[in-house]
Amino acid sequence: MKSLQADIAVLGAGVVGVCCALALQKSGHQVTLIDRDGVGEGCSKGNAGHFATEQILPLATPGLMWKIPKMLLDPLGPVSIRWSYLHKIAPWLIRFMLNTRSGPFCQGVDALTGLNNAALPAWLKILEELGEQKQIKADGSLLVFESQKSVLDYEDTHFFLNEQGIKTQSLSGCQVRELEPSLSGNICHGVMFPNTAHTADPHKLTRVLAEHFIKQGGKLIEQEVEALDMNDDGVEVTLDGASYQVPKLVLATGAWSKHWVQALTQKKVPLDTERGYHLMLPKVDNSLTVPVTSADRRFIMTPMNDGLRLAGTVEFGGLHSSPNMKRAHMLVRHAQVLLPKIDAEVGQTWMGFRPSLPDSLPIIDKVGAKGQVIFAFGHQHLGLTQAAVTGELVNALTHNQKPKLDMTPFRHDRFA
């Protein structure tokens, strides 16, 4: 068996894996990054580009059960389940609904609040160290409302967020349009989240980080991992028929992590995937300055270098079904209502796999008698937001240091 000639291998070169590799490299390790498809070719490429630190509420909110039928029956709704996949997702959905109870929900809020409060400072720190501050625009984000009913429906959530320390600013419809003149006169209310940010090119952000990693001595292997086996000396990694030994391994393979967890630990985790879609409007320049989310339509519009990105729709359909690009194209109709003067010529469509656990929390943990394997996956729709702080936490776990956060909510065995 050959040596991988690294102290640590990071499996998965999405934004989470790259941030983990950089953090470990900074602490003095020789790190090898492994990904079959190269850097940032999954959700790190197609996400909404929003550092959504305000999103501290688990998706399994109290009272959600009664809203689900209406959501699923709406052809333009934000959530869809492929009926052919229903029997496979059913156990996950049962766990998900159990998390709508008050106790699990409040525990999830506490965990997400801690993680998200540390998220943007971690990003700003890493980008300042690399001289890449321009990759993030910390100008905030907007949530907009088209009806008084949606404003009233949001009041309790708004109050709760403020109680949890999330800074907001309430705006009239006129104030919203003063900030974003292209938005429709139908908008009657808005909420500004000043402590959020966005990137105008999430794929470029991940690639820029990886370039710094390689320039500083890191190694990138673009090969498919065929097998993983944890042993007393670390982990045996099989790449294209050849076996390599590495002392430690970070598993950051997103929605594909379930198989590898079972291979390494003989245990199952209830990981499934939210299939996320986006659509680009390439001829829409300077229509918005910050990400704008619709409270009524449940989607987000983010200004990008190559146009306006529309994202937010979710489909449960597993890892292997073909994309349903109607889920992406329907976003144009929503965008035309909110931005009535835009050129709605459609550009690129995309579908990616968000790694989702029933409690909306990632798994960040280490296993093995010697801590040979560190898990860093399951960030759902907050992978971009939480990537840099996840790198810091993984580095602390690797060195047996006390992390800045209580890691109990992120343990891999919390579902036992």
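Not one N or O on the side chain of Asn116 forms a donor-acceptor pair closer than 3.5 Å with the backbone of Ala119. Put simply, the side chain of Ser294 never gets that close to the backbone of Phe299: no donor and acceptor are under 3.5 Å apart. Not a single donor-acceptor pair under 3.5 Å links the side chain of Asp365 to the backbone N or O of Phe375. A donor-acceptor contact shorter than 3.5 Å links the side chain of Glu180 to the backbone of Val290. Although no hydrogens or angles enter the test, the distance criterion places a donor-acceptor pair under 3.5 Å between the side chain of Trp92 and the main chain of Ser356.
Of the inter-residue distances, the one linking Leu112 atom CG with Leu57 atom CG reads 8.0 Å to the nearest 0.5 angstrom. Trp260 contributes atom CH2, which lies 8.0 Å from atom OG1 of Thr253 (distance to the nearest 0.5 angstrom). Between the CD atom in Gln164 and the CD atom in Glu54 there is a gap of 14.0 Å [rounded to 0.5 Å]. Rounding to the nearest 0.5 angstrom, the gap separating the CD atom in Gln55 from the OG1 atom in Thr196 is 9.5 Å.
Closest of all the heavy-atom pairs between Gly17 and Ala252 is CA-CB, 3.8 Å. Closest approach of Gly307 to Met280, counting heavy atoms only: C-CE, 3.8 Å.
For the pair Ile81/Leu93, a side-chain contact is recorded, criterion being any heavy-atom separation below 4.5 Å from C-beta on. For the pair Val367 and Leu264, the minimum side-chain heavy-atom distance is 4.5 Å or more. Side-chain contact check for Asp37 versus Glu222: every heavy-atom pair is 4.5 Å or farther apart. Counting heavy atoms from C-beta on, the side chains of Val261 and Lys258 never come closer than 4.5 Å. Between Lys248 and Asp7 there is no side-chain heavy-atom pair separated by less than 4.5 Å. Side-chain contact check for Asn231 versus Glu236: some heavy-atom pair is nearer than 4.5 Å. Within the 4.5 Å cutoff, the side chain of Met351 has heavy atoms near those of the Met325 side chain. Here the side chains of Thr349 and Tyr277 are not in contact, with every heavy-atom distance at 4.5 Å or above.
Counting non-hydrogen atoms of other residues, nucleotides and ligands closer than 6.0 Å to CD of Gln223 gives a total above 12.
For Gln380, the side-chain hydrogen bond (donor to acceptor under 3.5 Å, both in side chains) test picks out Glu274, Ser360, with sequence neighbours left out. Scanning for side-chain hydrogen bond (donor to acceptor under 3.5 Å, both in side chains) contacts around Lys149 gives Asp153, with sequence neighbours left out.
Under the side chain to side chain contact (heavy atoms under 4.5 Å, CB included) test applied with Ser44, the options Val16, Thr206, Val39, Val18 reduce to a single match, Thr206. Partner of Ile374 under the side chain to side chain contact (heavy atoms under 4.5 Å, CB included) criterion, out of Leu24, Leu251, Ile364, Val250: Val250 alone.
Ring planes of Phe105 and Phe160: tilted class, angle from 30 to 60°. Using the six-membered ring where Trp is involved, Phe353 and Trp256 have ring planes that are perpendicular, over 60° apart on the 30 and 60° scheme.
Residue pairs meeting the side-chain hydrogen bond (donor to acceptor under 3.5 Å, both in side chains) criterion with at least one member in residues 389-406, sequence neighbours excluded, are Ser27-Asn395, His29-His399, Lys366-Asn400, His379-Thr390, Glu392-Lys404, Asn395-His399, Asp406-Thr408.
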Apply salt bridge (Lys or Arg N to Asp or Glu O under 4.0 Å) to the pair Glu129 and Lys26, showing each step before the final yes or no.
-> CA-CA 10 Å; Glu129 290 172 349; Lys26 181 185 174 185; 2.5 Å; yes
Output, in order, the C-alpha distance, side-chain angles, deciding distance and verdict of salt bridge (Lys or Arg N to Asp or Glu O under 4.0 Å) for Arg95 and Asp359.
-> CA-CA 8 Å; Arg95 287 181 177 270; Asp359 58 3; over 6 Å; no
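The six-membered or imidazole ring of Tyr85 lies away from that of Phe316, with a centre-to-centre distance of 6.0 Å or more.
Side-chain contact check for Ser150 and Asp296: at least one donor-acceptor pair (N or O, by modelled atom type) lies under 3.5 Å.
Ion pairing between Glu146 and Arg297 holds under the 4.0 Å rule for side-chain N and carboxylate O.
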